[in-house]
Amino acid sequence: KTFYSCLYRVLLFPRKFYEFDAQNQMVHYSPYNGGVYPGPMYTDNGFWDTFRAVFPFFTLMYPEVNSEIMQGLVNAYNESGWLPEWASPGHRGCMIGSNSASLIADSYLKGIRGYDVEKLYEAVIKNTTGYHPDVTSVGRYGCEYYNRLGYIPYNVGIHENTARTLEYAYADYCIWQLGKALGKSKEEIDLYESRSQNYNNVFDPQTKLMRGRNEDGTFQSPFNPLKWGDAFTEGNRLHYTWSVFHDVEGLKKRMGG
C-alpha cells in the first residue's frame with residue numbers, strides 16, 4: 001500500500017499540456033507566447049523539488065516519457081527564450097537554482113534520445129549568463145557575482161545566496177558532464193568543471209559548515225547553524241552543507257574525513 005500510494009503520487013506531475021489535432025498530430029498551446037505549435041509541452045512542476053529524485057526515477061522507469069518532457073523543454077526554450085524552472089503553466093517566480101541542467105544532463109547521459117539536445121545545451125549555457133528580466137527564478141539570479149567571485153555574496157541583497165551558490169555549482173558540474181558527452185572542446189567546458197568547485201567558496205573551515213559569505217570575503221556573522229532560510233532555501237546550514245552531490249569525496253576532505 002505504501003509503495004503504490006507513493007508511486008501514484010510521484011506520477012501526478014508534471015502534467016501533459018498538449019492534445020491531438022484532426023490529423024492525430026500532437027499540438028500544444030504555448031503559455032509563453034500564446035501561439036499553437038506542434039509537439040509536446042509539460043507543466044506544473046518545480047525542478048527545485050523534483051530534480052533530486054522524481055526525474056532520476058523517470059529516467060530509469062519511464063524513459064519514453066522523459067524523452068517527451070525533454071522535447072517539451074526544447075519547445076519552451078524556443079517559445080520563450082528560457083528554460084522553465086517552475087512551469088505553471090508559464091514561467092513562475094518561485095524557488096531557486098537552474099536545476100533544468102540536471103534534468104537534461106541526466107537524461108542524455110543515461111542514453112535517452114528523441115529531442116534536440118544541442119538546443120538544450122545552448123539553453124543551459126545561456127542560463128549561466130543571466131536571468132529572465134521579469135522572473136528571477138528563471139536563469140541564474142545573481143550570476144554576475146557568481147561568475148566573478150565564485151559565490152553569491154550574503155550582503156548584496158540577493159536572498160538565499162549560499163543555497164544558490166551550491167545549486168549553481170552542481171548545475172555547472174552537470175553542464176561539464178553534458179559538454180563532455182556531446183564532444184564539446186575541453187577549452188569550452190573547462191570553465192564549468194572549474195565552477196563546479198565553487199561550493200568550496202562558501203564552506204567555512206572553522207565551523208565545517210556552509211555559511212553566508214560577504215563580498216569582501218568575510219563570513220556572515222553572527223553564526224547560528226539552526227537559523228532557517230536567510231542564506232539558504234527552506235532549510236539551514238545543517239541541511240545545505242550536504243548539497244554537494246557531485247563531489248562527495250571533496251566535501252569529506254573539507255570536513256576532515
Side-chain angles (χ1 to χ4, degrees), residues 46-56 85-86 93-103 105-106 124 127-129 131 136-177 191-257:
F47 297 157
W48 183 86
D49 294 85
T50 55
F51 87 91
R52 305 162 197 273
V54 173
F55 276 97
E85 300 294 339
W86 196 288
C94 188
M95 305 310 290
I96 69 158
S98 56
N99 307 118
S100 52
S102 172
L103 275 59
D106 192 33
V124 297
N127 268 2
T128 69
T129 64
Y131 53 90
T136 57
S137 62
V138 175
R140 291 190 182 183
Y141 186 43
C143 66
E144 63 275 19
Y145 293 104
Y146 177 85
N147 294 346
R148 177 167 57 88
L149 299 173
Y151 65 97
I152 301 176
Y154 178 84
N155 63 326
V156 295
I158 297 176
H159 191 50
E160 302 165 316
N161 38 81
T162 307
R164 293 179 194 274
T165 298
L166 293 168
E167 296 201 18
Y168 294 169
Y170 174 61
D172 284 332
Y173 171 82
C174 295
I175 294 172
W176 172 44
Q177 295 297 324
L191 174 66
Y192 303 102
E193 178 186 13
S194 174
R195 286 179 178 172
S196 74
Q197 293 295 305
N198 280 348
Y199 75 88
N200 286 289
N201 296 329
V202 289
F203 182 86
D204 174 19
Q206 181 179 355
T207 62
K208 299 192 184 303
L209 295 170
M210 300 300 174
R211 186 171 176 179
R213 190 175 185 182
N214 297 317
E215 192 171 8
D216 65 4
T218 60
F219 284 102
Q220 173 263 336
S221 185
F223 179 72
N224 177 3
L226 300 179
K227 186 177 183 181
W228 188 267
D230 194 28
F232 300 94
T233 305
E234 294 190 2
N236 60 30
R237 295 149 180 80
L238 299 182
H239 301 117
Y240 257 96
T241 292
W242 310 105
S243 190
V244 187
F245 316 114
H246 55 296
D247 190 16
V248 175
E249 290 301 317
L251 181 62
K252 283 161 62 175
K253 289 177 182 176
R254 292 305 307 267
M255 298 182 80

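These numbers come from the heavy atoms of this one structure, side chains and all, not from hydrogens, waters or symmetry mates. All values derive from a computational prediction rather than experimental measurement.
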If we ignore angles and hydrogens, is there a donor and acceptor under 3.5 Å between the side chains of [X] and [Y]?
{"X": "R254", "Y": "N200", "answer": "yes"}
{"X": "E167", "Y": "Y240", "answer": "yes"}
{"X": "N198", "Y": "Y146", "answer": "yes"}
{"X": "N99", "Y": "S102", "answer": "no"}

For this session: Go through the steps for Y145 and E215 under the test side chain to side chain contact (heavy atoms under 4.5 Å, CB included), then give the verdict.
Result: CA-CA 9 Å; Y145 293 104; E215 192 171 8; 3.8 Å; yes
Return the minimal non-hydrogen interatomic distance between [X] and [Y], and the atom names on each side.
{"X": "T207", "Y": "F223", "result": "CG2-CE2, 3.6 Å"}
{"X": "C143", "Y": "T128", "result": "CB-O, 3.8 Å"}
{"X": "A105", "Y": "C174", "result": "CB-O, 3.6 Å"}

What I'd like to find out is whether the side chain of [X] reaches to under 4.5 Å of the side chain of [Y], using heavy atoms alone.
{"X": "I96", "Y": "S137", "result": "no"}
{"X": "Y131", "Y": "R140", "result": "no"}
{"X": "S221", "Y": "R211", "result": "yes"}
{"X": "V124", "Y": "S98", "result": "no"}
{"X": "D49", "Y": "W86", "result": "yes"}
{"X": "L149", "Y": "N201", "result": "no"}
{"X": "P153", "Y": "R213", "result": "no"}
{"X": "S196", "Y": "Y170", "result": "no"}

For this session: Apply the side chain to side chain donor-acceptor pair (under 3.5 Å) test between Y154 and each candidate in T218, D230, N161, T162; give the one that qualifies.
Result: D230
How many angstroms lie between [atom1] in [X] and [atom2] in [Y], if you round to the nearest 0.5 Å?
{"X": "M95", "Y": "W48", "atom1": "CE", "atom2": "CH2", "answer": "4.0 Å"}
{"X": "F232", "Y": "M210", "atom1": "CZ", "atom2": "CE", "answer": "8.0 Å"}
{"X": "N224", "Y": "R237", "atom1": "CG", "atom2": "CZ", "answer": "6.5 Å"}
{"X": "L226", "Y": "N236", "atom1": "CG", "atom2": "CG", "answer": "6.0 Å"}
{"X": "L209", "Y": "F203", "atom1": "CG", "atom2": "CZ", "answer": "7.0 Å"}
{"X": "E85", "Y": "L103", "atom1": "CD", "atom2": "CG", "answer": "8.5 Å"}

Problem set entry | NZ/NE/NH1/NH2 to OD/OE distance under 4.0 Å, R195 and D172 | no
Problem set entry | CA sep, side-chain torsions, deciding dist, call: Y199, H246, side chain to side chain contact (heavy atoms under 4.5 Å, CB included) | CA-CA 10 Å; Y199 75 88; H246 55 296; 4.1 Å; yes
Exercise. Could you walk me through whether M255 and T241 pass the side chain to side chain contact (heavy atoms under 4.5 Å, CB included) check?
Worked result: CA-CA 10 Å; M255 298 182 80; T241 292; 4.1 Å; yes
Give a yes or no on whether the backbone of [Y] and the side-chain of [X] come within a donor-acceptor separation of less than 3.5 Å.
{"X": "T233", "Y": "G229", "result": "no"}
{"X": "R164", "Y": "I152", "result": "no"}
{"X": "N147", "Y": "E144", "result": "no"}
{"X": "N214", "Y": "G217", "result": "no"}
{"X": "Y168", "Y": "Y141", "result": "yes"}

Problem set entry | is_close_aromatic(W228, H239), centroid dist under 6.0 Å | yes
For this session: Quick one: do F55 and F47 satisfy ring-ring contact (aromatic ring centres under 6.0 Å, His included)? Show the steps, please.
Result: CA-CA 9 Å; F55 276 97; F47 297 157; 5.6 Å; yes
